[in-house]
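Working notes, beginning with the structure itself.
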Amino acid sequence: MIDHKAALKSQFLSGMGRVAAPVCIVATDGPAGRAGITITAMSSVSADGDRPTLLICLNQSSRTCQALQENRRFTLNVLNARKHIATADAFAGRFGTFLPDKFEMGDWMTDRFGIPELKEATAVFHCEVAFAQSVGTHMVIIAEVDEAAESEGARALVYCCREYRCP
């Protein structure tokens, strides 16, 4: 008998694997400590209103998701295609236990709120959580943007077809 749920999941993952997405690191610090993770699930929501908004999705079991819910502030760092592939891998956990502090990868500074910000990122958004909702295994977070900055001429690292792409 065909397991429709498993087949649909496989088809969904295969299709989504063909969708190009920016590679980003979500970084946070505060009462719950410093944490960061590589994501591709992000989108702008609106530039209207008092502050622009964006959306990110994090696996609820991740240390970063748990810390972010308590810290309430984060940076969304859009990675630079020429500089941040190893940093993306480190924050995705591809180095395992060989890298006790992921923040040793890349050149980090802190913003005015004490949140890590990756130097030479293509773009950095300084955010405050406005809304969070559990959906399946993930937390969907809508954040208000306090500040945004970009690196002139930098191109975003993209993930598509299960590999990094440098446009």
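These numbers come from the heavy atoms of this one structure, side chains and all, not from hydrogens, waters or symmetry mates. Residue numbers run from 1 in the order of the sequence given.
The ring pair (Phe, Tyr, Trp, His ring centres under 6.0 Å) contacts involving residues 109-137 comprise nothing, where partners must be two or more places apart or lie in separate chains.
Atom OG in Ser44 sits 8.0 Å away from atom CG in Leu54 (nearest 0.5 Å). Here Cys160 contributes atom SG and Arg165 contributes atom CZ; the two are 5.0 Å apart, rounded to the nearest 0.5 Å. We find the OG-CD distance between Ser134 and Gln69 to be 8.5 Å, quoted to the nearest 0.5 Å. Arg63 CZ to Leu58 CG: the interatomic distance, rounded to the nearest 0.5 Å, is 12.5 Å. We find the OG-CE distance between Ser62 and Met139 to be 9.5 Å, quoted to the nearest 0.5 Å. Atom OH of Tyr159 and atom CD1 of Ile39 lie 14.5 Å apart (nearest 0.5 Å).
Between Leu118 and Gly106 the shortest heavy-atom distance is CD1-CA, 4.1 Å. Between His138 and Gln60, the shortest heavy-atom contact is O-NE2, 3.2 Å. Between Ala92 and Thr38, the shortest heavy-atom contact is N-OG1, 3.3 Å. The nearest pair of heavy atoms linking Thr75 to Glu117 is OG1-CA, 4.3 Å. Of all heavy-atom pairs spanning Ala67 and Gly33, the tightest one is CB-O, 4.2 Å. Looking at every heavy atom in both residues, Leu76 comes nearest to Met42 through CD2-CE, 3.3 Å.
Between the side chains of Thr137 and Asn59, no donor-acceptor pair of N or O atoms lies under 3.5 Å.
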Between Leu8 and Ser10, does the side-chain contact (heavy atoms from CB on, under 4.5 Å) criterion hold? Intermediate values first, please. CA-CA 5 Å; Leu8 179 58; Ser10 177; over 6 Å; no
Between Ile25 and Ile37, is a side-chain contact (heavy atoms from CB on, under 4.5 Å) present by the stated rule, with each step listed? CA-CA 5 Å; Ile25 292 177; Ile37 193 167; over 6 Å; no
Report the C-alpha distance between Leu68 and Ile56 in whole Å, list the side-chain angles of each, state the deciding distance to 0.1 Å, and finish with yes or no for side-chain contact (heavy atoms from CB on, under 4.5 Å). CA-CA 12 Å; Leu68 182 57; Ile56 62 170; 4.0 Å; yes
Can Ser151 and Val124 be said to form a side-chain contact (heavy atoms from CB on, under 4.5 Å), step by step?
CA-CA 9 Å; Ser151 291; Val124 179; over 6 Å; no
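The pair Asp29-Arg34 fails the salt-bridge criterion, with no side-chain N (NZ, NE, NH1 or NH2) lying under 4.0 Å from an Asp/Glu carboxylate O. Salt-bridge check for Arg82 with Glu120: failed, with every basic side-chain N at 4.0 Å or more from each acidic carboxylate O. Remark: Glu70 does not engage Arg72 in a salt bridge, criterion side-chain N to carboxylate O under 4.0 Å.
When hydrophobic clusters are built by joining Ile, Leu, Val, Met, Phe, Trp and Tyr residues whose side-chain heavy atoms come closer than 4.5 Å, directly or via intermediates, Ile141 is not grouped with Val135. Criterion: ILVMFWY side-chain heavy atoms under 4.5 Å apart, direct or through other members. Under it, Val23 and Ile85 are part of a common hydrophobic cluster. Placement of Val129 and Val45 in two distinct hydrophobic clusters is found when ILVMFWY residues are connected by side-chain heavy-atom separations under 4.5 Å, directly or transitively.
Remark: side-chain polar atoms of Thr28 are not paired, donor with acceptor, to backbone N or O of Phe74 under 3.5 angstrom. Looking at Asn77, its side chain never comes within 3.5 Å of a backbone N or O of Val26 through a donor-acceptor pair. At distances below 3.5 Å, not a single donor-acceptor pair connects side-chain atoms of Asn80 with backbone N or O atoms of His84. With hydrogens and angles disregarded, no donor-acceptor distance shorter than 3.5 Å links the side chain of Thr40 to the backbone of Pro22. Of the possible polar contacts, none joining the Ser46 side chain to the Thr53 backbone as a donor-acceptor pair under 3.5 Å is found. Under a 3.5 Å cut-off, the side chain of Asp107 and the backbone N or O of Lys119 do not form any donor-acceptor pair. Distance alone, capped at 3.5 Å, is enough to place a donor-acceptor pair between the Asp3 side chain and the Lys5 backbone. Side-chain N or O atoms of Lys102 include one that pairs as donor or acceptor with a backbone N or O of Gly36 at under 3.5 Å.
Ring pair Trp108/Phe91 is tilted by interplanar angle, where 30° to 60° counts as tilted.
Considering only heavy atoms from C-beta on, Val78 comes within 4.5 Å of Cys24 through its side chain. Within the 4.5 Å cutoff, side-chain heavy atoms of Tyr164 are placed close to those of Asp89. You'll find the side chain of Glu144 stays beyond 4.5 Å of the side chain of Cys127, heavy atoms only.
Enclosure of atom CZ in Arg155 is not indicated, since only 12 or fewer non-hydrogen atoms of other residues, nucleotides or ligands lie within 6.0 angstrom.
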